[in-house]
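First up is the structure itself, then whatever we jot down about it.
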Amino acid sequence: MGAGRFISLEGGEGVGKSTQLDALSQALEGRGLEVLVTREPGGSPGAEAIRKLLLEGEDTRWTPRAEALLFAAARADHVAKTIKPALAKGVWVLSDRFLDSSLAYQGEAGGLGIDAVRDLHRFGSEDFLPDRTLVLQLPDGEGARRAASRDSDGADRIGGRSPAYHAQVDAGFRKMAEAEPDRVQIIDASGNAQTVTARLLYALGDLLP
Ligand SMILES: Nc1ncnc2c1ncn2[C@@H]1O[C@H](COP(=O)(O)OP(=O)(O)O)[C@@H](O)[C@H]1O
Ligand SMILES: Cc1cn([C@H]2C[C@H](O)[C@@H](COP(=O)(O)OP(=O)(O)O)O2)c(=O)[nH]c1=O
């Protein structure tokens, strides 16, 4: 079996990450690859426990610094217990969100700064990075509209933050794509799901066996 690859899918609320992860995993399995789909916050028993702490309750439940540390702690467990063992077996790992969500949400929109949050990742996960990060992007507000029609029970602790916060999240993702163009690519998430899947596969073309 060939080497496993680690791919993260990123973007704001409702841009179609879950939909695309399903489609992408099927497409990769169709090419004979073994695929594991995982998510953040979560993806290991410990990180799923931390997910509840992060997403439930009042927005003021955690300070911005405590929130960033909890995401970094969840990620450290996810990397050690789920992602690295799968890669070692030659599995392709697709994650619904990873480090770049922390850089965009806690670092850029949350005001801690991208460098400070990257330092937490250096400590927590020894700066372990995806082979490729694909950021789905929609025009302002369109993802929020898709998410609102999906979630009749309302947004979670972070999804419910202001439109200004979410606009800064999008700006944060664009900064990452500028800073690390080989790893992070922005993908147009408009149009039907099949069209978006084709764009994603094209952006992985150089990694496919
Ligand atoms: N290309 C698309 N066009 C229109 N609606 C879409 C598309 N992709 C996904 N959706 C719908 O938008 C909503 C959000 O998609 P989802 O995959 O759950 O996004 P995310 O995981 O990024 O929050 C869902 O109701 C989904 O069915
Ligand atoms: C992984 C991660 C997620 N988040 C936020 C983004 C989402 O609002 C929430 C995760 O919820 P999720 O279930 O992934 O929501 P969505 O369907 O919108 O992708 O946590 C961060 O703020 N920082 C992070 O590092």
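Indexing begins at 1, ligand by ligand and atom by atom, following the structure's order.
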Salt bridge flag under 4.0 Å for residues [X] and [Y]:
{"X": "Lys17", "Y": "Glu10", "value": "no"}
{"X": "Arg183", "Y": "Asp100", "value": "yes"}
{"X": "Arg132", "Y": "Asp206", "value": "yes"}
{"X": "Glu56", "Y": "Arg157", "value": "no"}
{"X": "Asp127", "Y": "Arg118", "value": "yes"}
{"X": "Glu67", "Y": "Arg161", "value": "yes"}

For [atom], the protein heavy atom that lies nearest, with its residue and separation:
{"atom": "atom 25 (O) of ligand 2", "answer": "Ser102 OG, 2.6 Å"}
{"atom": "atom 5 (C) of ligand 2", "answer": "Ile158 CG2, 3.8 Å"}
{"atom": "atom 7 (C) of ligand 2", "answer": "Glu13 OE2, 3.5 Å"}
{"atom": "atom 20 (O) of ligand 2", "answer": "Leu55 CD2, 3.6 Å"}

Heavy-atom contacts with [X] under 4.0 Å: which atoms of ligand 2 show up? List them by number with element.
{"X": "Ser101", "result": "1 (C), 2 (C), 23 (N), 24 (C), 25 (O)"}
{"X": "Gln106", "result": "21 (C), 22 (O), 23 (N), 24 (C), 25 (O)"}
{"X": "Gly159", "result": "8 (O)"}
{"X": "Arg150", "result": "17 (O)"}

Looking only at distance, does Lys17 have an N or O less than 3.5 Å from an N or O of ligand 2?
-> yes
Is Asp96 in polar range of ligand 2, meaning some N or O pair under 3.5 Å apart?
-> no
Run the numbers on His166 and Tyr105 for side chain to side chain contact (heavy atoms under 4.5 Å, CB included), then give the verdict.
-> CA-CA 8 Å; His166 290 289; Tyr105 283 78; 4.3 Å; yes
Give the contacting part of [X] toward ligand 2: side chain, backbone, both or neither, where contact means a heavy-atom distance below 4.0 Å.
{"X": "Asp156", "answer": "side chain"}
{"X": "Arg39", "answer": "neither"}
{"X": "Arg51", "answer": "side chain"}
{"X": "Leu99", "answer": "neither"}
{"X": "Glu67", "answer": "neither"}

Could you pull out every protein residue that has a heavy atom closer than 4.0 Å to ligand 1, ordered by chain and then number?
-> Gly14, Val15, Gly16, Lys17, Ser18, Thr19, Arg146, Arg150, Gly191, Asn192, Ala193
Heavy-atom gap His121 to ligand 2 smaller than 4.0 Å = no
Assess Val169 for proximity to ligand 2: is some non-hydrogen atom of it under 4.0 Å away?
-> no
Relative to atom 16 (P) of ligand 2, which among Arg97, Arg75, Arg146 owns the nearest non-hydrogen atom?
-> Arg97
Nearest non-hydrogen atom to atom 21 (C) of ligand 2 belongs to which of Tyr165, Phe98, Phe71?
-> Phe71
Selection residues 115-149 - residue pairs positive for ring pair (Phe, Tyr, Trp, His ring centres under 6.0 Å), sequence neighbours left out = Phe6-Phe128, Phe98-His121
